[in-house]
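Read the structure below first, then the notes.
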Amino acid sequence: MTPAELAEAVLAAARAVFAERGLDLEALPAQTAVERPRSPEHGDYASTLAMQLAKRVGRTPRELAAALAERLAELPGIASVEVAGPGFLNIRLEAAAAGELARAVVQSGREYGRSRLLAGQRINLEFVSANPTGPVHLGHTRWAAVGDSLHRILVASGAEVASEHYINDAGSQLEHFGNSLYAAALGEPTPEHGYAGEYVVDIGKQIVAAHPEALSLPRAEALMLFRDEGYRLMLDAMRTSLDRFGVSFDIWFSERELHASGAVEHAIDTLRKQGHVYESDGAVWLRTTDFGDDRDRVLIRANGTKTYIAADSAYYLNKRERGFDKCIYLLGADHHGYVGRLRTIAACAGDDPDYHIEIMIGQLVHLVQSGGPVRLSKRAGAIVTLDELVDLVGVDAARYSLARASTDSTLTLDIDEITRQARENPVYYVQYVAARTASVARNAADVGLHRGAPEDFRPELLAHDKEQELLKALGEYPTVVATAAELRGPHRIARYLEELAGSYHRFYDNCRILPVGEEEITDLHRARLWLNDATRTVIANGLTLLGVGAPERM
RNA sequence: GCGCCCGUAGCUCAGUGGAUAGAGCGGCGGACUUCUAAUCCGAAGGUCGCAGGUUCGAAUCCUGCCGGGCGCACCA
């Protein structure tokens, strides 16, 4: 019996009790959940439904709980139900009913944990969106890890999702970048508003190597060449870094093309039709105060140039016109001023800012090394890049470290610490389970131990405390994935896997899976192998959602 | 001044109103002639920033305050 089935049984019992006593069925929720109590004294699962309902129907929690307990206790698979405290329902399953899960998980394989929760939603998930004027740095790296994992989680929950990287290639930053490359190639100092750093010199050299004539061109032509070639090389480098990190975007969207396609004018027309555009002082304005902004915003300046908000609007509307009904933006805290703006744009376009647009603000990553802070300013040239981080700790450890924290928390990474403790990173604790389970499976095959036919599986033999604990952990996985999808929290997967890993290691330590020496193979060995393989399935599924490998050996 | 996020063990961080607040790391003490000791077991470590409020029940929700981070353009 899975937790979901148990929860449904609790609700069904509530319906029966309500009907029997003439209570208002409308007071019942559409869904309920059972939780896993911290203390084993409180049973395998607990329901708080009676306490939640009592006030609504004017009964005491304990009275309702007692009635529910009576009904639930009769169900097959349920060993006992107790009413405790103010009205908790503490439920114990029979070992066999719990053990069933091992078979169900193995048979579901990669499907275990996937759902249709978000079926029918078409989601555009934008993240990273780094300027093509420098390498992907550590700030972006957090969103790369979190965004890509979220992408996988949303897909696993049934949504149709496109991951998208916006390229800011239309503004003056690219000009400054080109100027900097040119200056570097000439050996001149970095120009004002320019970019510094070794990568600028490197790219400058690459361009000169590929275009020996570059330095003898007239200045204006040379600048254009450095700008365009630098842009191309930088974009390639970004793609390469992200690929190596296991992150590949479905769509790379160019701002330049957005402008070239006339999308900006089109967007302003659309907003005008919605009645929120007006002209004043020679400029074109968006009346964002219609939707709570403290002042209106300019779309087109008096000099005819478009503002960034104009492009933002065009980009949002373009996403909507491409058929996405939910646009999720993953932005760093340094951009949280965008939130109101983007939501207002959606509102001005006639959309529901609480549904069509969703802006996740992730807090920044702080780096410290040798006790002091490390600055991440791109202009200053002191960059800690994605590539450097990966070189230091590897893809798995890097992705895991970044994905296991809530994006609401600023994350402090100590470079020394990461380097030194790479082996102690929690990712290895989890991956070690993948390796151990694989090793057990290999050894089992060597000694002729096989799971056998599913119908010969004896779930009731998995009655040891550690086996039951592990089974409960396995049963939680689908709920964890669903919650991670709904709350957009990939870190929940990581935290869950750490718990599951603990349960497995304790099981492994207490319950011998393989026969020792010449010992005869029994149904218990086979049952434990089912449990071993079920664990391997869940660990692998979970790590996949994080974009982290599940190694066969370590 | 206004807005968003955070404040939980020595450190890094979990905990979408439930029972005795958790994990990893660090430190202390144990466990390998048997499936991988990258593991396990034990002890230690907490006024959940502070003060009120709501609730049968608050780390969680509300208000105020304190502390930290980040933002508030006809810049990109």
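In what follows, every heavy atom counts, from backbone to side chain, and hydrogens, waters and symmetry copies are set aside. In what follows, every chain begins at residue 1, and chains take the letters A, B, ... in the order their sequences are listed.
When each of rA14(B), rG18(B), rA38(B) is scored by its nearest atom to the side-chain atoms of Ala405(A), the top-ranked nucleotide is rA14(B). Side-chain proximity of Tyr338(A) to the nucleotides rC74(B), rA76(B), rU55(B) is greatest for rA76(B). The side chain of Arg506(A) sits closest to rC40(B) out of rA76(B), rC35(B), rC40(B). Considering only the side chain of Ser406(A), rA14(B) comes nearest among rA14(B), rG69(B), rU36(B). For Asp408(A), whose side chain is taken as the heavy atoms from C-beta onward, the closest listed nucleotide among rC5(B), rG15(B), rC35(B) is rC5(B). The side chain of His336(A) sits closest to rC70(B) out of rA23(B), rU36(B), rC70(B). Closest to the side chain of Arg492(A), from the set rG15(B), rA19(B), rA76(B), is rG15(B). Nearest to the side-chain atoms of Arg404(A) among the listed nucleotides rG18(B), rA23(B), rU16(B) stands rA23(B). Relative to the side chain of Met51(A), the nucleotides rG18(B), rA37(B), rC75(B) differ in distance, and rG18(B) lies closest. The Arg512(A) side chain lies nearest to rU34(B) when the options are rA14(B), rU20(B), rU34(B).
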Dot-bracket for RNA chain B, please. Rules: Watson-Crick or G-U, both distances under 3.5 Å, ( ) within the strand, [ ] when a pair crosses earlier ones, | for another strand, . otherwise.
(((((((..((((....[...))))..((((.......))))......(((((..]....))))))))))))....
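A distance of about 15 Å separates the P atoms of rA59(B) and rG53(B), rounded to the whole Å. rG17(B) and rC56(B): their C1' atoms are spaced 11 Å apart (whole Å). rU39(B) and rA44(B) have their P atoms separated by 23 Å, given to the nearest Å. Comparing rG1(B) with rA9(B), their C1' atoms are spaced 37 Å from each other, to the whole Å. Taking atom P in both rU8(B) and rC48(B), one finds a spacing of 11 Å when rounded to whole Å. Nucleotides rC2(B) and rC25(B) place their P atoms 44 Å apart, quoted to the nearest Å. For the P atom pair drawn from rC62(B) and rU16(B), the interatomic distance equals 15 Å after rounding to whole Å. The same atom, C1', is picked in rA43(B) and in rG29(B); the two are 7 Å apart, to the nearest Å.
Within the nucleic acid shown, His491(A) comes within 4.0 Å of sugar-phosphate atoms alone, with no base atom in reach, counting heavy atoms only. Residue Asp446(A) is out of contact with every strand shown, counting any heavy-atom pair closer than 4.0 Å. Heavy atoms of Glu499(A) sit nowhere under 4.0 angstrom from any nucleic acid atom. If you check every strand for non-hydrogen atoms under 4.0 Å, Ser439(A) touches a base. Residue Arg295(A) is in sugar-phosphate contact alone, with no base atom involved, counting any heavy-atom pair closer than 4.0 Å across all strands shown. Residue contacts for Ala302(A): at a heavy-atom cut-off of 4.0 Å it reaches a base atom on one of the strands shown. Counting non-hydrogen atoms under 4.0 angstrom, Arg553(A) reaches a base of the nucleic acid. Across all strands, Ala46(A) comes closer than 4.0 Å to base atoms (heavy-atom distances). Ile300(A) comes within 4.0 angstrom of no nucleic acid atom, judged by non-hydrogen atoms across all strands. Note on Ile361(A): nothing from the nucleic acid sits closer than 4.0 angstrom, heavy atoms only. Counting non-hydrogen atoms under 4.0 angstrom, Gly85(A) reaches nothing in the nucleic acid.
For His140(A) and Phe127(A), the ring centers are positioned 6.0 Å apart or more. Less than 6.0 angstrom separates the ring centroid of Tyr315(A) from the ring centroid of Phe253(A).
Using a cutoff of 4.0 Å between basic side-chain nitrogens and carboxylate oxygens, Arg297(A) and Asp293(A) are scored as salt-bridged. The pair Asp533(A)-Arg536(A) does not meet the salt-bridge criterion, since no charged nitrogen lies less than 4.0 angstrom from a carboxylate oxygen. Taking the charged nitrogens against the carboxylate oxygens, Asp523(A) and Arg526(A) do have a contact shorter than 4.0 Å, which makes a salt bridge.
Side-chain atoms of Asn90(A) and base atoms of rA19(B) include a donor and an acceptor less than 3.5 Å apart. Judged by atom type and distance alone, Thr412(A) does not reach the base of rU12(B) through any side-chain donor-acceptor pair under 3.5 Å.
Between the side chains of Tyr400(A) and Asn425(A), no donor-acceptor pair is found at a separation under 3.5 Å. Under the 3.5 Å distance criterion, with hydrogens and angles disregarded, no donor-acceptor pair is assigned to the side chains of Tyr508(A) and Asn532(A).
Atom CD1 in Ile359(A) sits roughly 13 Å away from atom P in rC5(B) (whole-Å rounding). In this entry the distance linking CZ of Arg59(A) with C1' of rC56(B) reads 18 Å, nearest Å. Asp44(A) places its CG atom 16 Å from the C1' atom of rA19(B), with the value rounded to the nearest Å.
Checking the phosphate oxygens (OP1, OP2) of rC74(B), no side-chain nitrogen or oxygen of Thr305(A) falls inside 4.0 Å. Checking the phosphate oxygens (OP1, OP2) of rA38(B), no side-chain nitrogen or oxygen of Tyr428(A) falls inside 4.0 Å. The side chain of Arg436(A) places no N or O atom within less than 4.0 Å of a non-bridging phosphate oxygen (OP1 or OP2) of rU36(B). At the phosphate of rA76(B), OP1 or OP2 sits under 4.0 Å from a side-chain N or O atom of Arg301(A).
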List, with names and distances, any nitrogen or oxygen atoms from the protein found under 3.5 Å away from nitrogen or oxygen atoms belonging to nucleotides 28-33 of chain B.
none

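The aromatic ring of His42(A) stacks onto the base of rA19(B), its centre lying under 5.5 Å from the centre of the six-membered base ring with the two planes under 30° apart. Once the 5.5 Å centre distance and the 30° plane angle are applied, the aromatic ring of Tyr508(A) is found stacked with the base of rC35(B). Between Phe88(A) and rA19(B), a base-stacking contact is recorded: ring centres under 5.5 Å apart, planes less than 30° from parallel.
Counting non-hydrogen atoms of other residues, nucleotides and ligands closer than 6.0 Å to CD of Glu519(A) gives a total above 12.
Applying the side-chain contact (heavy atoms from CB on, under 4.5 Å) rule to Thr479(A) yields the partners Thr483(A); only residues at least two apart in sequence or on another chain are considered. A search for side-chain contact (heavy atoms from CB on, under 4.5 Å) contacts involving Tyr432(A) returns Arg436(A), His505(A), Met554(A), not counting sequence neighbours. In this structure, the side-chain contact (heavy atoms from CB on, under 4.5 Å) partners of Arg56(A), at least two apart in sequence or on a different chain, are Ala27(A), Leu53(A). Among residues two or more places apart in sequence or in another chain, the salt bridge (Lys or Arg N to Asp or Glu O under 4.0 Å) test is passed with Glu35(A) by none.
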Begin with the C-alpha distance, continue with both residues' side-chain angles, and end with the deciding distance and a verdict on ring pair (Phe, Tyr, Trp, His ring centres under 6.0 Å) for Tyr496(A) and Tyr477(A).
CA-CA 8 Å; Tyr496(A) 162 78; Tyr477(A) 181 64; 5.7 Å; yes
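Although no hydrogens or angles enter the test, the distance criterion places a donor-acceptor pair under 3.5 Å between the side chain of Asp44(A) and the main chain of Leu93(A).
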